[in-house]
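On a predicted model such as this, the values are computed, not experimentally measured, just so you know. The chains referred to below are lettered A, B, ... by the order of the sequence lines, with proteins before strands, and numbering in each begins at 1.
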2 protein chains.
Amino acid sequence: MKLAEAKAQFISSWGAFATHWGINRTMAQIHALLLISPNPITQDDIMEQLNISRGNVNMNTRELIDWGLVDRVLVPGERKEFFSAEKDIWKVSTQIIKERKRRELDPMLKLLAQLEKIEGDKKDKDTQQFIDTVQGIKKLGSQADKMLDVMIKAEENWITGSLLKFFK
Amino acid sequence: MKLAEAKAQFISSWGAFATHWGINRTMAQIHALLLISPNPITQDDIMEQLNISRGNVNMNTRELIDWGLVDRVLVPGERKEFFSAEKDIWKVSTQIIKERKRRELDPMLKLLAQLEKIEGDKKDKDTQQFIDTVQGIKKLGSQADKMLDVMIKAEENWITGSLLKFFK
DNA sequence: ATTAACTTTCATAAATTATTGAAAATTCAA
DNA sequence: TTGAATTTTCAATAATTTATGAAAGTTAAT
């Protein structure tokens, strides 16, 4: 396989995978493009390479910056803005974990804490099942929360370094 | 908060969270409803409780069964089919991990293995960055793959039981 | 201050995804 | 068998999400 073909394949597949994870296809494709670009590139570069509009690039680069995965870079002597992605995949995954935890897990745990303390007859089967379910999810969520905190703080190759050896 | 209100809140929020994870809102709501229902319920029950059409219920219960999260249950003396969800949250999470791994991670690793072996000048900056990126993701993916396998096989509360103690 | 380069906004359009509901298929009791 | 109860299918439609592009806004060199 030639480089150009492989690049296209990578960008396109990355976008497809992303849609299974609640992430906008184009945002993922821009991220993929930036990941394989050795040097920072411009809005126009992205428009051209992915065949998308200026507004679309603007909106999705902003989102990527918001996620802490991409930076604006100033290139001396250039008027245009350049974009550059964090290339260290471990840092990328840590950053994504951190953000999703903050945006989704934390609010969910907050909600479950509310739902847990409903008023009502604890002997009622419906009430009982509701409480059991909410508590179960809350417990799982809290544990996951703690584990993710550890992972975020851990060293680059936390999995190889410690986790796997432990389980062997 | 009253039970009815809490139930409605739970179902609605569960659906909202799901959309952030590439999961159909209605499918998640049906799952939530089944999780808090102490006894198996019918297609008509679901239609009524969630105000959705028969076709919609049919399609999404099938999908939930496909994911291994819900079962059809025969109730003696009843003509209709009943549905029941696995209530053990740890089993539920394990099952979801297993399925997503199979459906998404495994194919992704397969693709990356292909892309890794492109032909071209390894000294070229673009080629170099492409290979680095693909290899980095592949490495991360493989490690995650192994970790998830361990988690799937581990006992009920894998996190408390082993992971967390180890990191303390 | 002017202006050309560049970026952002946002109303509208396009594409995608989810839902409906009625017809077809299936199941099962009599 | 028959037919009533129930489930499934799927073309049509609705809802949601994403993309466009031209106008408005910003920036910085002169």
What integer distance in Å separates [X]:[atom1] from [N]:[atom2]?
{"X": "B:Ile46", "N": "D:dT8", "atom1": "CD1", "atom2": "C1'", "value": "15 Å"}
{"X": "A:Gln43", "N": "C:dC6", "atom1": "CD", "atom2": "P", "value": "11 Å"}
{"X": "A:Asp45", "N": "C:dT7", "atom1": "CG", "atom2": "P", "value": "11 Å"}
{"X": "B:His20", "N": "D:dT16", "atom1": "NE2", "atom2": "P", "value": "15 Å"}
{"X": "A:Asn58", "N": "C:dA11", "atom1": "CG", "atom2": "C1'", "value": "16 Å"}
{"X": "B:Glu81", "N": "C:dT27", "atom1": "CD", "atom2": "C1'", "value": "10 Å"}
{"X": "A:Ile30", "N": "D:dT18", "atom1": "CD1", "atom2": "C1'", "value": "12 Å"}
{"X": "B:Ile23", "N": "D:dT16", "atom1": "CD1", "atom2": "P", "value": "19 Å"}

Q) Under 4.0 angstrom, heavy atoms only, what part of the nucleic acid is A:Arg62 near: base, sugar-phosphate, or nothing? A)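 Sugar-phosphate contact only - A:Arg62 comes under 4.0 Å of backbone atoms but never of a base.
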Q.
Under 4.0 Å, heavy atoms only, any strand: does A:Met59 hit a base, just the sugar-phosphate, or nothing?
A.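 The residue A:Met59 makes no contact with any strand.
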Could you work out which one of [options] sits closest to the side chain of [X]?
{"X": "A:Lys80", "options": "C:dC6, D:dT8, D:dA19", "result": "C:dC6"}
{"X": "B:Ser53", "options": "C:dG21, D:dT7, C:dT17", "result": "C:dG21"}
{"X": "B:Asn24", "options": "D:dT7, C:dT9, C:dT19", "result": "C:dT19"}
{"X": "B:Ile52", "options": "C:dT20, D:dT20, D:dT7", "result": "C:dT20"}
{"X": "B:Arg25", "options": "D:dT17, D:dT9, D:dT18", "result": "D:dT17"}

Q: Check whether the ring centres of B:Trp21 and B:Phe17 lie less than 6.0 Å apart, and answer yes or no.
A: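 When the ring centroids of B:Trp21 and B:Phe17 are compared, they turn out to be at least 6.0 Å apart.
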Q: Could you tell me whether A:Met59 atom CE has more than 12 heavy atoms of other residues or ligands within 6.0 Å of it?
A: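 Open: at most 12 neighbouring heavy atoms sit under 6.0 Å from CE of A:Met59.
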(Q) Taking NZ in B:Lys123 as the centre, count heavy atoms belonging to other residues, nucleotides or ligands within less than 6.0 Å. Is the count above 12? (A)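 Not buried by this count: 12 neighbours or fewer within 6.0 Å.
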(Q) For A:Trp67, does the six-membered ring have the charged nitrogen or CZ of A:Arg62 within the cation-pi criterion, i.e. under 6.0 angstrom from the centroid and within 45° of the normal? (A)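 Here A:Arg62 fails the 6.0 Å and 45° test against A:Trp67.
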(Q) Judged by each residue's nearest nucleotide on DNA chain D, which is more toward the 5′ side, A:Gly55 or B:Gly55? (A)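 Mapping each residue to its closest nucleotide by heavy atoms, the 5'-most match is B:Gly55.
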(Q) Go nucleotide by nucleotide along DNA chain D from the 5' end; which of A:Asn60 and B:Asn56 gets its closest nucleotide reached first? (A)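 The residue mapped nearer the 5' terminus is B:Asn56.
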Q) Checking only heavy atoms, does the side chain of A:Arg79 share a donor-acceptor pair with the base of D:dT27 at less than 3.5 Å? A)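 Per atom types, the contact qualifies.
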**Q.** DNA chain C: 5'-proximal contact among B:Met27 and A:Arg54 (nearest heavy atom)
**A.**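 Going by which nucleotide is closer to the 5' end, it is A:Arg54.
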Q: Determine, step by step, whether A:Thr42 and A:Asp45 satisfy the side chain to side chain donor-acceptor pair (under 3.5 Å) criterion, reporting the C-alpha distance in whole Å, the side-chain angles of both residues, the deciding distance to 0.1 Å, and the verdict.
A: CA-CA 5 Å; A:Thr42 67; A:Asp45 292 333; 3.1 Å; yes
